[in-house]
Amino acid sequence: MKEVQQHMIKSVVSKEYQELQKEIVLLQDKWKQQINPETIRPNLDKAAMEAGVPAAALSAIDFEISLYLQWIEEINAMLVINKPELEPKLASIISLLTEEVAIRWIEEAFSSNHVYFVKFAEENGLEEWIPQFLAETALRPYLQLTAEKVQDEITQAIPGAGCPVCGEPVRLASLNEDGRKVIHCPRCLAHWNAKRLECAHCGNEDHKTINFITIEGDAVSQIQVCEECNGYIKIIDTRQYIEKPSAALLDLNSIHLDFVAQENGYNAVGVKKDTH
């Protein structure tokens, strides 16, 4: 067990950004209610899932493009209220988003294709973060509804395959009432049980090579790190919370742990070391 000194790293994320994220989480919840549940038809192919294919990729999802575009306009409006200087940049996006481009955005956000969005931003004179942020934010209600539909079938994950519903790299767990480790996906909000001493990235269960970093003055959080693959995962003891925040907010509020882990040489996606 290694303890890290806490030098005001709590304030890594500005209050404004946290407030904005909270508003976005509420918006996504509202949007999710607008989706016709019948438009998501999961097909849980056991063999494919055991091979690490995410459930969302196996589901037939009929995206309602007009709804998706409307949501992007709503996020834009929210961003402009928070940062008026973004208005001219965001105004151009709506005119760029034809139905064809919107479909492409959904596909590329679905597979987290960062390269595509960087190129799109460059070609259209936008700040690099904007297109992917908008595309991903408006996609999440679909992923979250898919996760709700299949949650009963999601009992475990294949180490290294990420979230069994949406494929997002694993980085967040909580300890539930009886002290069990439950992994949460901040992207689609799926959750599943995991062994207390198991690396989510490479499956290592050797207590000699799985360590914990604690943060001085932080009684509820620790970082589980694996010396086999250099992967890490944040573990938050939510038993002491009166009100449990959603996985998306839990992830955001513990972002200082990501910085500590990465400063210590660990990655959100573990990589098996070459032993040759």
Side-chain angles (χ1 to χ4, degrees), residues 8-35 67-97 102 105-106 108-110 112-114 116-118 120-121 124-145 147-148 163 166 168-169 171-172 174 184-190 218 220-221 234 236 238 241-262 268:
M8 288 315 293
I9 42 178
K10 270 283 201 201
S11 60
V12 166
V13 178
S14 71
K15 269 279 172 278
E16 295 78 32
Y17 185 73
Q18 282 186 316
E19 286 310 311
L20 177 67
Q21 285 295 341
K22 279 183 190 164
E23 286 178 43
I24 285 174
V25 167
L26 290 172
L27 251 192
Q28 286 168 327
D29 216 41
K30 187 190 89 177
W31 294 339
K32 199 174 61 185
Q33 317 300 326
Q34 296 171 1
I35 302 171
L67 209 51
Y68 184 78
L69 292 171
Q70 180 194 318
W71 295 346
I72 286 178
E73 287 195 29
E74 287 181 37
I75 312 164
N76 279 350
M78 185 187 281
L79 287 173
V80 169
I81 291 168
N82 279 271
K83 281 195 157 190
E85 67 273 20
L86 286 174
E87 185 159 22
K89 300 224 161 129
L90 294 173
S92 67
I93 282 188
I94 297 304
S95 56
L96 293 170
L97 278 180
W105 269 31
I106 290 170
E108 303 299 358
F110 200 84
S112 304
N113 186 353
H114 185 59
Y116 164 80
F117 288 106
V118 169
F120 186 93
N124 294 289
L126 299 163
E127 280 180 49
E128 195 181 288
W129 64 274
I130 292 176
Q132 188 162 8
F133 176 80
L134 295 176
E136 173 67 26
T137 302
L139 171 70
R140 285 189 180 187
Y142 276 100
L143 296 177
Q144 290 166 4
L145 193 55
E148 279 178 22
C163 168
C166 73
E168 177 81 353
R171 62 173 178 275
L172 180 72
S174 70
H184 299 267
C185 176
R187 187 183 188 210
C188 72
L189 309 182
D218 182 346
V220 297
S221 320
K234 306 180 288 188
I236 317 287
T238 52
Y241 285 50
I242 296 163
E243 215 179 300
K244 292 195 172 44
S246 76
L249 292 175
L250 207 53
D251 184 45
L252 179 76
N253 295 340
S254 61
I255 203 164
H256 58 289
L257 301 176
D258 296 283
F259 283 86
V260 170
Q262 288 160 24

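These figures come from a predicted structure and were not determined experimentally.
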> Once salt bridge (charged side-chain N to carboxylate O under 4.0 Å, His left out) is applied, what residue pairs with a partner in residues 244-261 remain, sequence neighbours excluded?
R171-D251, E177-K244, K234-D251, K234-D258
> Supply the atom-to-atom distance I72 CD1 to L139 CG, rounded to the nearest 0.5 angstrom.
9.5 Å
> Report yes if the side chains of W71 and Q34 come closer than 4.5 Å at any heavy-atom pair, otherwise no.
yes
> Where do H184 and S174 land on the side-chain contact (heavy atoms from CB on, under 4.5 Å) test, with the steps shown first?
CA-CA 7 Å; H184 299 267; S174 70; 2.8 Å; yes
> Can you tell me how far NZ of K32 sits from CG of L27, rounded to the nearest 0.5 angstrom?
13.0 Å
> Are R187 and S112 close enough that some pair of their side-chain heavy atoms sits under 4.5 Å apart?
yes
> Measuring only between side-chain heavy atoms, which start at C-beta, is L90 closer than 4.5 Å to I93?
yes
> To the nearest 0.5 angstrom, please state how far the CH2 atom of W105 sits from the OH atom of Y116.
7.5 Å
> Between E148 and Q144, does the side-chain hydrogen bond (donor to acceptor under 3.5 Å, both in side chains) criterion hold? Intermediate values first, please.
CA-CA 6 Å; E148 279 178 22; Q144 290 166 4; over 6 Å; no
> Can you tell whether the side chains of E16 and K83 come within less than 4.0 Å, N to carboxylate O?
no
> Looking only at heavy atoms, what is the nearest atom pair of S221 and L257, with distance?
CB-CD1, 3.6 Å
> If I take atom OG from residue S254 and atom CD1 from residue I236, how far apart are they, to the nearest 0.5 angstrom?
4.0 Å
> Please work out which of the three classes, parallel, tilted or perpendicular, describes the rings of F133 and W129, given edges at 30° and 60°.
perpendicular
> Can any side-chain N or O of Q33 pair as donor or acceptor with the backbone N or O of D29 at less than 3.5 Å?
yes
> Given the rule in the side-chain contact (heavy atoms from CB on, under 4.5 Å) test, do S92 and N124 qualify, once you have shown the distances and angles that lead to the verdict?
CA-CA 9 Å; S92 67; N124 294 289; over 6 Å; no
> For the CZ atom of F110 and the CD1 atom of I106, what is their distance to the nearest 0.5 Å?
10.5 Å
> Is the shortest heavy-atom distance from the side chain of L67 to the side chain of W31 under 4.5 Å?
no
> If I take atom CG from residue L79 and atom CD from residue E85, how far apart are they, to the nearest 0.5 angstrom?
10.5 Å
> Could you please spell out the steps behind the side-chain contact (heavy atoms from CB on, under 4.5 Å) verdict for E168 and L143?
CA-CA 11 Å; E168 177 81 353; L143 296 177; over 6 Å; no
> Restricting to non-hydrogen atoms, name the atom on E127 and the atom on A121 that form the minimum distance, rounded to 0.1 Å.
O-CB, 3.8 Å
> Between L252 and V25, is any pair of side-chain heavy atoms under 4.5 Å apart?
no
